[in-house]
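These numbers were taken from a predicted model, which means no experiment stands behind them.
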Amino acid sequence: MNDLLTALVLGVVEGLTEFLPISSTGHLILAGELLNASDERWNVFNIVIQTGAMLAVVWEYRARFFRIDVNLYRNLIVAFIPAAVLGLLFSKYIKSYLFQAVPVAIAFIVGGVVILLVERNPNRGFRVATAGEMTWLDALKVGIAQCFALIPGTSRSGATIIGGMLFGLSRKAATEFSFFLAVPTLIAAGLYDLWKHRELLSAADAPVFGVGSVVSFISAFVVIRWLIRYVATHDFKPFAWYRIAFGLVVLATAYFGWVDWKA
């Protein structure tokens, strides 16, 4: 497949899955293998186009980001630190041992089960109604929950949203703060991967990365607006069942040799 068309498809996959609790990483691995775009260069591409999805958050919530909001900035820094530290310390081990079919599938299925368990009591009370009411301790708890997203297949948004709900945030507050936390997290991941693999890239890659980032921005923007409306009147059970089904698909693709899940 033409590189630009591949970039377009992967950009759509990234944008649609980044902010839903279903793991963008697992979907990009599967899509990349099916499109014959799974080498190290495309792995860097998958990280970098997250910036497009991140910019969709910035644009949607520009009124929040582009005004002085000390509470928000402090909470984002506090929540960002745990996963950043653990990611730097253990990224090699994670890629060596967890980027394989069985661990990824288990993460999908376990994550789905956790969502179902949390959603068994949809009328639980919450302490924090909006993201603006969060304390630094609330942010730290969400940041610790985000650490679980270092496990491939877990889902960054799933870990932070469900974790936030368990720690007393309303569904809307947890979802919005998950969006906000994506900004420093995805910026850091993208810049780190670009620098680490800079020798693999050239100026000729700019159109491919540009297409992927733009498409990721557009599709993520649509998802963000839809998800905020969705959580107002729905729970996350459909995503839980989807995760369980997708975990079984991951196992099938590995068993039949359709996808190489080894890093």
Side-chain angles (χ1 to χ4, degrees), residues 15-24 50 53-80 82-83 111-149 154-186 217-243:
L16 292 180
T17 59
E18 181 62 49
F19 298 108
L20 298 177
I22 56 175
S23 177
S24 60
Q50 292 177 339
M54 175 274 297
L55 289 174
V57 174
V58 174
W59 178 252
E60 175 65 13
Y61 291 96
R62 57 194 180 279
R64 292 287 303 274
F65 280 106
F66 297 122
R67 75 167 188 243
I68 298 177
D69 189 336
V70 176
N71 186 61
L72 175 62
Y73 301 155
R74 178 203 64 202
N75 286 347
L76 290 179
I77 292 171
V78 169
F80 168 73
V113 172
V114 169
I115 292 174
L116 290 176
L117 291 175
V118 171
E119 291 290 9
R120 288 180 65 184
N121 184 20
N123 296 317
R124 74 172 62 81
F126 53 82
R127 298 179 297 101
V128 181
T130 68
E133 298 174 10
M134 291 175 62
T135 66
W136 71 268
L137 186 56
D138 293 322
L140 178 61
K141 291 176 181 178
V142 175
I144 292 172
Q146 182 171 240
C147 294
F148 288 97
T154 299
S155 169
R156 189 203 62 81
S157 58
T160 51
I161 292 172
I162 299 303
M165 290 171 60
L166 285 173
F167 296 136
L169 276 63
S170 70
R171 195 185 306 276
K172 182 178 180 182
T175 302
E176 285 193 342
F177 191 71
S178 176
F179 291 162
F180 298 158
L181 186 54
V183 175
T185 301
L186 300 187
F217 172 90
I218 294 171
S219 51
F221 182 74
V222 172
V223 167
I224 290 167
R225 289 208 158 182
W226 172 81
L227 189 58
I228 285 297
R229 292 195 300 270
Y230 176 89
V231 299
T233 55
H234 299 78
D235 60 29
F236 290 116
K237 288 180 182 177
F239 299 111
W241 290 115
Y242 176 84
R243 288 181 62 95

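Atom CD1 in Ile218 sits 11.5 Å away from atom CG in Leu16 (nearest 0.5 Å). For the atom pair CG of Leu169 and CE of Met134, the computed distance is 5.0 Å after rounding to the nearest 0.5 Å. Atom CG in Leu186 sits 8.5 Å away from atom CG in Leu181 (nearest 0.5 Å). Atom NE2 of His234 and atom CZ of Arg229 lie 11.5 Å apart (nearest 0.5 Å). A distance of 7.5 Å separates CD of Glu176 from OG1 of Thr130, quoted to the nearest 0.5 Å. Rounding to the nearest 0.5 Å gives a distance of 10.5 Å between CD1 of Ile162 and CG of Leu117.
Put simply, the side chain of Thr17 never gets that close to the backbone of Ser23: no donor and acceptor are under 3.5 Å apart. Counting only distance, with no hydrogens or angles, the side chain of Glu60 and the backbone of Ala56 share no donor-acceptor pair below 3.5 Å. No side-chain donor-acceptor contact under 3.5 Å links Ser178 to the backbone of Ala174. Judged by distance alone, the side chain of Arg243 and the main-chain N or O of Ala240 form no donor-acceptor pair under 3.5 Å.
Closest non-hydrogen pair, Ala79 versus Ala139, comes out as CB-O, 3.3 Å. Listed here is the closest heavy atom pair of Pro184 and Phe80: O-CE1, 3.6 Å. Nearest approach of Ala159 to Ala145, heavy atoms of both residues: CB-O, 3.4 Å. Here the closest heavy-atom approach between residue Arg171 and residue Val231 is recorded as CD-O, 3.3 Å. In terms of heavy-atom proximity, Phe126 sits nearest to Gly168 at CB-O, 3.3 Å. Listed here is the closest heavy atom pair of Ile161 and Phe19: CD1-O, 4.5 Å.
Counting heavy atoms from C-beta on, the side chains of Pro82 and Leu140 come closer than 4.5 Å. Side-chain contact check for Glu18 versus Met54: every heavy-atom pair is 4.5 Å or farther apart. Side chains of Phe236 and Met165 form a contact here, defined as non-hydrogen atoms less than 4.5 Å apart. Between Ile22 and Ser155 the shortest side-chain heavy-atom distance does not fall below 4.5 Å.
Applying the side-chain hydrogen bond (donor to acceptor under 3.5 Å, both in side chains) test to every pair with at least one member in residues 63-78, sequence neighbours left out, gives these pairs: Asn71-Arg74. Counting only residues at least two apart or in different chains, salt bridge (charged side-chain N to carboxylate O under 4.0 Å, His left out) contacts with residues 135-146 comprise Arg127-Asp138.
Scored by the side chain to side chain donor-acceptor pair (under 3.5 Å) test, Thr154 finds no partners at all (sequence neighbours excluded). Phe177 meets the ring pair (Phe, Tyr, Trp, His ring centres under 6.0 Å) test with no other residue; sequence neighbours excluded. Considering only residues two or more places apart in sequence or on other chains, Phe180 meets the ring pair (Phe, Tyr, Trp, His ring centres under 6.0 Å) condition with Tyr61, Phe65. Take Trp226 and apply the ring pair (Phe, Tyr, Trp, His ring centres under 6.0 Å) test, not counting sequence neighbours, and it matches Tyr230.
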Criterion side-chain contact (heavy atoms from CB on, under 4.5 Å) on Phe221 and Val57, from CA distance to verdict: CA-CA 7 Å; Phe221 182 74; Val57 174; over 6 Å; no

Test side-chain contact (heavy atoms from CB on, under 4.5 Å) applied to Tyr242 and Leu20, step by step: CA-CA 11 Å; Tyr242 176 84; Leu20 298 177; over 6 Å; no

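Checked by atom type, the side-chain pair Gln146/Thr160 shows no donor-acceptor distance below 3.5 Å.
Within a 6.0 Å sphere centred on CZ of Phe167, other residues, nucleotides and ligands contribute more than 12 heavy atoms.
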